[in-house]
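Chain letters run A, B, ... following the sequence lines, proteins first, then strands; residues in each count from 1. Values reported hereafter were calculated over all heavy atoms of this structure, with side chains retained and with hydrogens, waters and symmetry mates removed.
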There are 2 protein chains.
Amino acid sequence: MTTEKDIFHEHLKRTRLKRTDQRDLILDVFIGTEGHISVEELYELVKKKDPSVGFTTVYRTMKLMAEARLAHEVRFTDGRARYEHEYNHDHHDHFICNNCNSVIEFYSAEIEKLQEEIARQNSFKIQDHSHRIFGICSNCQEKNTSIGVAAVRSYS
Amino acid sequence: MTTEKDIFHEHLKRTRLKRTDQRDLILDVFIGTEGHISVEELYELVKKKDPSVGFTTVYRTMKLMAEARLAHEVRFTDGRARYEHEYNHDHHDHFICNNCNSVIEFYSAEIEKLQEEIARQNSFKIQDHSHRIFGICSNCQEKNTSIGVAAVRSYS
DNA sequence: CTTAGTGCAAACCGTTTGCAAATGC
DNA sequence: GCATTTGCAAACGGTTTGCACTAAG
């Protein structure tokens, strides 16, 4: 059975990079998370296990994990990079609540298919996509009858 | 006939803000552009007409234009905010070439409909969305048989 | 022993903010 | 006249980089 650690080590070998204790630790900590974790959040968790690890290393390692297809980078409304597990996790897109910032995952085979069709019509070769739907989640709709739409949000 | 300037001035009146020469000039220059212009690009154009305008004012005015629904903010791969015309322009989404950074607009009524359906199923109230498809445009596919996929792109 | 990785501090870059002076209404 | 806007410079916040040192293979 292939583990995320195997994949990571293989990726390192293939690209002639070195295994280090820091990289292994960051991977271990990342494996223990779920959802969409920011680099800083991950750094805080790593620091608990080994306070000597620098946050630059976490940044660099997460880039490696993305290259190894273990992590997928996403961005919501706070301008930070966030990572979600990619290995053994199905692709999905996101609803993002403009009120409470919660994130709901969704998947539509039909949308995926239509994307491919339109790409084909345009002779465009898809490598990746980012489909984010912003609005108000059901929870916030119930709790708050009048939600301020003060400013136009910037979706970084 | 309602012009973009009318809409802008109405928006200012409604929100009790003031018309200024700078704001009018920036709007005029923006009206004269097409595509997806960055704040800095817009600032350079504005400077040609009036070098005394500060770039902070351009930033602030573009936010106003977005609030007035004259401009829509988008972000591709360079981390900059870009604005495209929203008034009298149909909604669309984007293909973005990872090789030459060109942008192709697309629209699918079916995808839009499916989005709404999935939102309804999740009791999510859509306010906006951002749907970006990254890959290689037809032009780059022809010209370059081997395109480097060196690093994982960060889609800001 | 050679090459890559680490941690730190400083740089970076797009964007925002504090402020005194200027302007709209 | 009062409130808003302006332009400047400085701050901000997330991320990246240069570098002397350390560690992996």
Legend entry - Atom pair distance, as rounded to whole Å: CZ in B:R16 and C1' in D:dC2: 15 Å
Legend entry - A:I26 CD1 to C:dG5 C1', straight-line distance once rounded to whole Å: 11 Å
Inset, instruction - Using a 4.0 Å heavy-atom cut-off across all strands, classify A:T20 as base, sugar-phosphate, or nothing. - result: sugar-phosphate
Inset, instruction - May I ask you to decide whether B:D50 forms a salt bridge with B:K48, counting only side-chain N to carboxylate O separations under 4.0 Å? - result: no
Legend entry - Phosphate-side-chain proximity, A:R23 and C:dG5, N/O vs OP1/OP2 below 4.0 Å: yes
Inset, instruction - Using a cut-off of 6.0 Å, state whether more than 12 heavy atoms not belonging to A:K113 lie near its atom NZ. - result: no
Inset, instruction - Classify the side chain of B:K18 and the base of D:dA3 as holding, or not holding, a donor-acceptor pair under 3.5 Å. - result: yes
Legend entry - Salt bridge B:E44-B:K47, side-chain N to carboxylate O under 4.0 Å: yes
Inset, instruction - Figure out the CZ/P separation between B:R75 and C:dC13, and round it to whole Å. - result: 16 Å
Inset, instruction - Would you mind checking if A:R75 and A:E73 are paired as a salt bridge, meaning a charged N to carboxylate O distance below 4.0 Å? - result: yes
Inset, instruction - Report the residue (B:Q22 or A:R60) whose heavy-atom-nearest nucleotide on DNA chain D is the more 5′ of the two. - result: B:Q22
Inset, instruction - Give a yes/no on whether any side-chain N or O of A:K13 is located under 4.0 angstrom from OP1 or OP2 of D:dG25. - result: no
Inset, instruction - Would you kindly compare A:D21 and B:R80 by the position of their nearest DNA chain C nucleotide and give the one closer to the 5′ end? - result: A:D21
Inset, instruction - Could you tell me the separation between the CG atom of B:L25 and the C1' atom of D:dT6, rounded to a whole number of Å? - result: 14 Å
Legend entry - Residue whose nearest DNA chain C nucleotide is more 5′ - B:Y59 or B:R19: B:Y59
